[in-house]
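Below, read A as the first sequence line, B as the second, and so on, with proteins coming before strands; counting in each chain starts at 1. All values derive from a computational prediction rather than experimental measurement.
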There are 2 protein chains.
Amino acid sequence: GVAPAVHAQQAMRWRIASSFPKSLDTIFGAAEVFAKKVGELSGGKFTITVHAGGELMPPFGVLDGTSNGTVEMAHTAPYYFFGKDPTYALDCAIPFGLNSRQMTAWMYQGNGLSLMREFYANVGIVNFPMGNTGAQMGGWYRKEIKSLADMKGLKMRIGGFGGKVLERIGAVPQNIPGGEIYQSLEKGTIDAAEWVGPYDDLKLGFNKVAPHYYYPGWWEGGPQLTLFVNKKAYDGLSSEYKAMIETAAAYAHTDMQAKYDAKNPAALKTLVSQGTKLHPFPADVMNAAFKAAEQIYAELSASNPAWKKIYADFSAFRRDQNLWFRFTENAFDSFMQRQKL
Amino acid sequence: GVAPAVHAQQAMRWRIASSFPKSLDTIFGAAEVFAKKVGELSGGKFTITVHAGGELMPPFGVLDGTSNGTVEMAHTAPYYFFGKDPTYALDCAIPFGLNSRQMTAWMYQGNGLSLMREFYANVGIVNFPMGNTGAQMGGWYRKEIKSLADMKGLKMRIGGFGGKVLERIGAVPQNIPGGEIYQSLEKGTIDAAEWVGPYDDLKLGFNKVAPHYYYPGWWEGGPQLTLFVNKKAYDGLSSEYKAMIETAAAYAHTDMQAKYDAKNPAALKTLVSQGTKLHPFPADVMNAAFKAAEQIYAELSASNPAWKKIYADFSAFRRDQNLWFRFTENAFDSFMQRQKL
């Protein structure tokens with residue numbers, strides 16, 4: 001049945017199941033920022049508590065948990081649900097996708113939000129963009145990668161969609177929980193691992209066991225985090241409480257990207273001072289991965305109607321965004337990056 | 001005296017004086033988006049009306065108008081008040097400053113917001129970031145600019161800080177209202193003019209009278225728009241209404257950048273199809289302008305303590321941001337921009 005209408009001032013207690021550990025303070029923290037803002041907006045009447053991955057349900061159980069109403073809300077990276085349907089990844093990141101600003105433009109002013117809402121309606125969820133990490137790094141490697149040949153047989157810790165592309169260019173993707181990456185790299189059970197970027201990676205100390213740090217993380221050029229809200233619970237809210245969710249999520253969305261941007265530079269400097277070697281991926285690796293990704297997208301478009309519909313819009317938007325960004329945005333950034341500041 | 005405390009549910013009617021005409025729908029529209037969100041958040045109890053530049057006061061009168069309480073709020077580009085104190089420009093854009101994402105990071109997670117709040121407290125204003133255009137274009141030129149020598153004596157419509165830098169490299173900045181630029185360019189009274197970017201420039205038709213369109217707009221790499229709130233009026237609000245202003249401004253902030261990003265590509269394609277010639281500024285123009293800007297900043301730091309304090313923080317943040325962005329962000333963007341998408 002439909003939940004009863006809620007009056008604006010009615011006291012509410014809701015929970016957010018996060019997919020993330022508290023140690024990822026930037027990502028986990030976005031849900032806390034959101035909950036705090038909703039509390040302020042409602043004068044303390046709409047109380048939301050945030051629960052780390054595993055506390056209420058497993059980290060990857062939050063899609064089902066929100067869908068079936070076990071929790072009212074979740075905060076997650078939708079590409080985790082790539083195995084259920086790769087279309088989820090279009091709400092987060094696909095290899096060679098949109099950068100952070102372009103992703104926000106697609107969601108706020110392109111067709112992204114309405115297309116993804118239509119898709120999520122099938123599982124009884126209403127989605128709100130809530131955070132982005134910016135372009136991630138391409139991970140830590142025990143040995144230097146000099147050309148595409150060095151990717152053959154490379155055992156790399158990487159999840160989801162990026163792993164599928166790496167497989168096509170000869171690497172062997174491995175699924176390893178965050179807490180076990182360090183030991184696996186140290187022992188040489190794996191040859192490489194990707195995590196996030198300087199701020200988060202430094203905390204886990206990967207640089208001590210794999211000195212070569214590659215960029216760009218082409219599988220995550222601007223991964224978006226998403227707030228899931230159970231649709232029945234959402235529909236029962238007053239229009240004021242709905243607006244509070246929307247604007248508090250917008251605040252947390254912008255604040256999380258700002259946090260990564262503000263924190264990454266100092267971490268990068270520390271990593272380099274400790275001997276980390278920064279390298280761009282060789283051109284043949286980038287080109288082969290791009291080609292493999294485009295092949296996978298064409299195959300999915302042939303087999304998955306939801307993917308086909310949303311990816312068509314996403315990729316047209318991506319084409320236009322890159323046409324425009326390559327002029328004044330790139331010229332300004334590149335000039336500034338060449339100066340002694 | 002201090003305004004009386006306002007209860008959360010007390011009906012309020014406030015006004016925003018915009019510095020912009022309704023025809024700049026992206027910028028003017030951000031204030032309308034903000035007002036609509038506050039209305040939704042408050043269940044219609046906090047009503048805010050938006051007034052175009054000139055309707056309640058002249059476009060550049062909004063700083064004084066908010067400061068003295070003639071209006072409760074204004075939406076403006078603080079570099080308009082460069083003549084009163086160049087420190088205002090640090091809340092908007094200075095030549096060779098931060099890009100859009102970096103500016104948001106400085107405000108949300110660096111020291112930008114607290115430093116600017118301290119500065120605005122002197123005029124009884126509380127500021128909130130509310131919009132960004134992204135990197136603007138470098139304007140329209142009747143003749144091609146092949147080197148720095150072509151800038152000597154060039155009569156260009158450009159305001160504020162950018163004009164000061166252009167003057168140092170030999171150009172002659174002109175102050176001309178938006179509505180008169182087209183005719184001045186057509187007649188040859190001026191040789192060049194800058195406005196915003198493809199979406200706004202196309203509407204004014206500059207391409208018909210000055211075919212050469214340069215990039216990047218180095219004087220506006222990520223200009224931020226700001227919401228001014230009269231401090232006494234703000235202090236009298238309930239904590240709920242204060243939170244509504246903050247989160248609705250965050251929503252409008254992110255939405256405005258998204259709108260420019262979504263709208264600029266199609267306008268650029270139209271301009272090029274109509275014969276517009278896109279050119280990067282010659283390297284000697286960029287280098288001379290950068291050097292002149294740095295000289296001006298050093299002079300201001302020697303003479304203006306408020307500038308000195310805030311610019312020191314801004315420029316350290318700028319250095320670190322560009323150190324970081326030149327790796328994974330730039331490599332990802334540049335690769336994507338080279339692909340056939």
Q.
Could you measure the distance from the OG1 atom of B/Thr247 to the CD1 atom of A/Ile245? Nearest 0.5 Å is fine.
A. 12.5 Å
Q. Using non-hydrogen atoms only, which part of B/Phe290 is less than 4.5 Å away from chain A: side chain, backbone, both, or neither?
A. side chain
**Q.** Check: B/Glu329 side chain, A/Ala135 main-chain N or O, donor-acceptor pair, under 3.5 Å
**A.** yes
Q.
Please determine whether a side-chain nitrogen of the Lys or Arg among B/Glu246 and A/Lys37 lies less than 4.0 Å from a carboxylate oxygen of the Asp or Glu.
A. yes
Q.
Can you tell me which portion of A/Gln136 sits under 4.5 Å from chain B's heavy atoms? Options are side chain, backbone, both or neither.
A. backbone
Q) Crowded around B/Lys36 NZ? As in, over 12 foreign heavy atoms under 6.0 Å? A) no
Q.
For B/Lys269, which atoms come within 4.5 Å of any heavy atom of chain A: side chain, backbone, both, or neither?
A. side chain
(Q) I'd like to know which of B/Glu40, B/Gln102, B/His253 tops the heavy-atom pair count under 4.5 Å against chain A. (A) B/Glu40
(Q) Heavy-atom pairs under 4.5 Å with chain B: which of A/Asn287, A/Asn264, A/Leu323 has the most? (A) A/Asn264
Q: Specify which of B/Ala266, B/Ala250, B/Gly197, B/Gly221 makes the most heavy-atom pairs with chain A at under 4.5 Å.
A: B/Gly221
Q | Engaged part of A/Ser334 at the chain B interface, taking heavy atoms whose separation is under 4.5 Å | A | both
Q: State plainly whether the residues B/Arg326 and A/Asp333 are in salt-bridge range, i.e. N to O under 4.0 Å.
A: no
Q | Which of B/Asn99, B/Leu278, B/Asp261, B/Asp320 touches chain A most, by non-hydrogen pairs under 4.5 Å | A | B/Asp261
Q: Sort A/Phe96 into side chain, backbone, both or neither according to what part of it lies under 4.5 angstrom from a heavy atom of chain B.
A: both
Q.
As an exercise, state the distance from OG1 of B/Thr328 to CD of A/Glu220, rounded to the nearest 0.5 Å.
A. 10.0 Å
Q | Closest-packed option against chain B by number of heavy-atom pairs under 4.5 Å, given A/Phe325, A/Trp106, A/Tyr108 | A | A/Tyr108
Q: Give the minimum heavy-atom separation between A/Met336 and B/Gly97, together with the two atoms involved.
A: CE-O, 3.9 Å
Q: Heavy-atom distances under 4.5 Å only: say whether B/Ser315 touches chain A with side chain, backbone, both or neither.
A: neither
Q | Passing candidate, ring-ring contact (aromatic ring centres under 6.0 Å, His included) with B/Phe327, options A/Tyr213, A/Phe281, A/Tyr215 | A | A/Tyr215
Q. Do the side-chain N and O atoms of A/Gln337 and B/Asn330 include a donor-acceptor pair separated by under 3.5 angstrom?
A. yes
Q: Given side-chain contact (heavy atoms from CB on, under 4.5 Å), test A/Arg101 with B/Ser100 step by step and report yes or no.
A: CA-CA 9 Å; A/Arg101 216 173 100 182; B/Ser100 175; 3.5 Å; yes
Q.
Restricting to non-hydrogen atoms, name the atom on B/Ala331 and the atom on A/Pro216 that form the minimum distance, rounded to 0.1 Å.
A. CB-CD, 3.9 Å
Q: Rounded to the nearest 0.5 Å, what's the gap from NZ on B/Lys340 to CD on A/Glu294? Could you check?
A: 11.0 Å
Q | Which portion of B/Phe335 sits near chain A, non-hydrogen atoms under 4.5 angstrom | A | side chain
Q.
Within this structure, what is the CD-CZ distance for the pair A/Gln339 and B/Arg318, rounded to the nearest 0.5 Å?
A. 9.0 Å
Q) A/Leu41 versus B/Glu240: any side-chain heavy-atom pair under 4.5 Å? A) no
Q.
Side chains of B/Gln109 and A/Asp255 only: does a donor on one sit below 3.5 Å from an acceptor on the other?
A. yes
**Q.** Greatest number of heavy atom pairs closer than 4.5 Å to chain B - which of A/Pro198, A/Ala249, A/Ala248, A/Gly138
**A.** A/Pro198
Q.
So for B/Leu268, is it side chain, backbone, both, or neither that comes closer than 4.5 Å to the heavy atoms of chain A?
A. side chain
